[in-house]
Amino acid sequence: MSLQSINPTTGEFIESFDEISDAELEAALERAEQAFRTYRSTSFDERAGWLNKAAHVLEDEKDTWARLMTQEMGKTYKAAVAEAEKCAWACRYFAENGAGFLADEEIETDADKSYVRYLPLGPVLAVMPWNFPFWQVVRFAAPALMAGNVGLLKHASNVCRCALTLQEIFRRAGFPEDAFQALLMSPKRVARVIADRRVKAITLTGSDVAGSKVAEQAGKHIKKTVMELGASDPFIVLPSADLEAAVKTAVTARNINNGQSCIAAKRFIVHARVYDEFERRMVEGLERLKLGDPIDEGTDVGPLATVQILETVERQVNESVQAGARLLTGGKRLDRPGNFYQVSALAHIPQDAPAYREEVFGPVALLFKARSLDEAIELANASDYGLGSSVWTNDEEECRRCIDELEAGTTFINAMVASDPRLPFGGVKRSGYGRELARHGIREFLNIKTVSIIERAVGSGSDTE
């Protein structure tokens with residue numbers, strides 16, 4: 001089977017890749033196990049040095065990487081440059097802080113000495129999505145490699161060139177050749193890799209459906225998993241908010257990465273006292289966005305990554321309008337080559353509409369009116385997902401309640417939700433479990449070993465000595 005890269009801007013074929021054979025896969029797994037045996041003994045200083053070199057490569061050649069991302073999955077060039085820069089930041093962050101995060105932790109007990117030691121597990125399989133083809137991988141790989149694990153990347157089938165490029169970047173940085181390997185294969189081969197005794201843990205970023213399948217497969221073999229899954233993030237606007245700032249951020253937050261982001265704001269829950277003004281301003285802001293060729297630095301929104309995603313978004317909007325939702329703007333694909341869908345907004349969305357029940361992975365804003373803070377929180381929590389949440393208020397009690405009561409892994413107050421290497425990232429409910437990034441993320445794939453020592457001279461306590 002061949003895997004294909006298709007330019008989503010033009011629909012033109014770029015390149016095909018042969019899927020890894022069974023024999024090649026077996027060899028890759030064996031190399032990963034052998035690499036771990038020696039790599040785990042490298043020092044934190046060595047690993048930090050290699051991560052810093054990777055950061056230099058990512059940053060110094062960011063134009064090349066950005067053009068690759070834009071061509072292969074359609075994100076805007078300026079967003080792709082920012083993604084390469086963020087990857088460099090993550091590498092430097094874990095190079096600087098990893099040793100401290102993984103230092104022994106002494107604990108006072110009845111023993112002479114007790115402590116916790118953090119030890120790597122071995123080869124970790126990362127099943128990664130196409131929407132942030134560099135960042136999603138690096139935010140797993142940087143802490144995993146710093147911790148002494150080795151990585152096996154099963155990237156999305158439409159971004160094979162990105163997968164191979166990341167493998168080459170880590171090798172250029174000085175990491176042992178088999179410390180990070182890209183496995184070009186279809187999703188149906190993942191179960192075989194999960195079952196392999198040499199693979200010790202699995203991390204997946206993707207849909208809740210994919211996450212459920214991988215978690216089930218890993219569970220059969222008692223293997224640790226981290227899942228960062230789908231989302232339908234609420235963006236709550238309350239009467240005390242700075243409405244101008246809220247609207248400006250809302251327009252950006254819904255359309256980051258062409259609307260194809262798990263943590264993009266998707267459901268805009270606005271208090272009735274400011275709803276009409278918010279709706280008017282947001283529609284105006286959406287209509288000012290430039291939709292077009294993502295390589296053009298003036299473009300705000302590019303194409304959707306695949307024809308399938310385009311067709312899904314089109315179906316969700318059409319069926320929601322048929323169910324009674326009100327189309328505020330957009331609502332159509334463009335009559336031109338490529339996977340272009342208009343920046344859109346829906347309001348008055350009934351509960352049986354796809355836009356209410358499903359994650360809409362494209363540039364479609366969903367507006368809801370709430371009569372009170374209680375209703376806003378209830379509506380926000382009505383989703384099966386719980387990844388991020390953004391709340392706009394200048395009232396201290398409203399802020400406290402939203403932080404405590406919103407069912408989400410992240411709550412940002414008066415700001416757009418974003419991942420940050422310094423902060424743990426992950427969700428609850430069908431948005432997954434476990435955390436990436438920060439101190440919490442680097443410790444996910446480790447043997448957290450308890451050590452307890454009684455210090456006695458050899459032979460002490462014997463009557464025969």
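Along the sequence shown, residues are numbered consecutively beginning with 1.
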Which label fits Trp130 and Phe361: parallel for a plane angle under 30°, tilted from 30 to 60°, or perpendicular past 60°? perpendicular
Shortest non-hydrogen separation from Met227 to Ala215 and the atoms involved: CE-N, 3.8 Å
Looking only at heavy atoms, the pair that brings Asn257 and Gln260 closest together is ND2-O, 2.8 Å
Identified side chain to side chain contact (heavy atoms under 4.5 Å, CB included) partner of Val193 from the options Met185, Arg198, Gln217: Met185
Does atom CD (Glu405) have a neighbourhood of more than 12 heavy atoms from anything else shown, all under 6.0 Å? yes
Do the side chain of Arg189 and the main chain of Ile20 share a donor and acceptor less than 3.5 angstrom apart? yes
Using the ring of each side chain (for Trp, its six-membered ring), is Phe368 parallel, tilted or perpendicular to Tyr356, with breaks at 30° and 60°? perpendicular
Please check if the number of heavy atoms outside Glu106 that lie under 6.0 Å from its CD is greater than 12. no
Evaluate the side-chain proximity of Arg197 to Glu33: yes if any heavy-atom separation is below 4.5 Å, no if none is. yes
Take a 6.0 Å sphere around NZ of Lys224 and say whether it holds more than 12 heavy atoms from other residues, nucleotides or ligands. yes
Should we count CG of Asp112 as having more than 12 external heavy atoms under 6.0 Å? yes
Relative to Tyr39, does Arg47 satisfy both conditions: NZ or CZ under 6.0 angstrom from the six-membered ring centre, and within 45 degrees of the ring's axis? yes
Heavy atoms of Trp392 and Thr249 approach each other most closely as CH2-OG1, 3.4 Å
Under 3.5 Å, sequence neighbours excluded: what are the donor-acceptor pairs made by side chains of residues 301-313?
{"from": "Thr306", "atom 1": "OG1", "to": "Ile309", "atom 2": "N", "distance (Å)": "3.2"}
{"from": "Thr312", "atom 1": "OG1", "to": "Gln308", "atom 2": "O", "distance (Å)": "2.9"}

Could you tell me how the ring of Phe445 sits relative to the ring of Phe140: parallel (under 30°), tilted (30 to 60°) or perpendicular (over 60°)? perpendicular
Hey, would you say the Trp50 and Phe170 ring centroids sit under 6.0 Å apart? no
Does the side chain of Arg430 reach to within under 4.5 Å of the side chain of Glu359, using non-hydrogen atoms? no
Take atom NZ in Lys53; do more than 12 heavy atoms of anything else shown fall under 6.0 Å from it? no
Write out all pairs satisfying salt bridge (Lys or Arg N to Asp or Glu O under 4.0 Å) with one or both partners inside residues 143-157, taking only residues at least two apart or from two chains. none
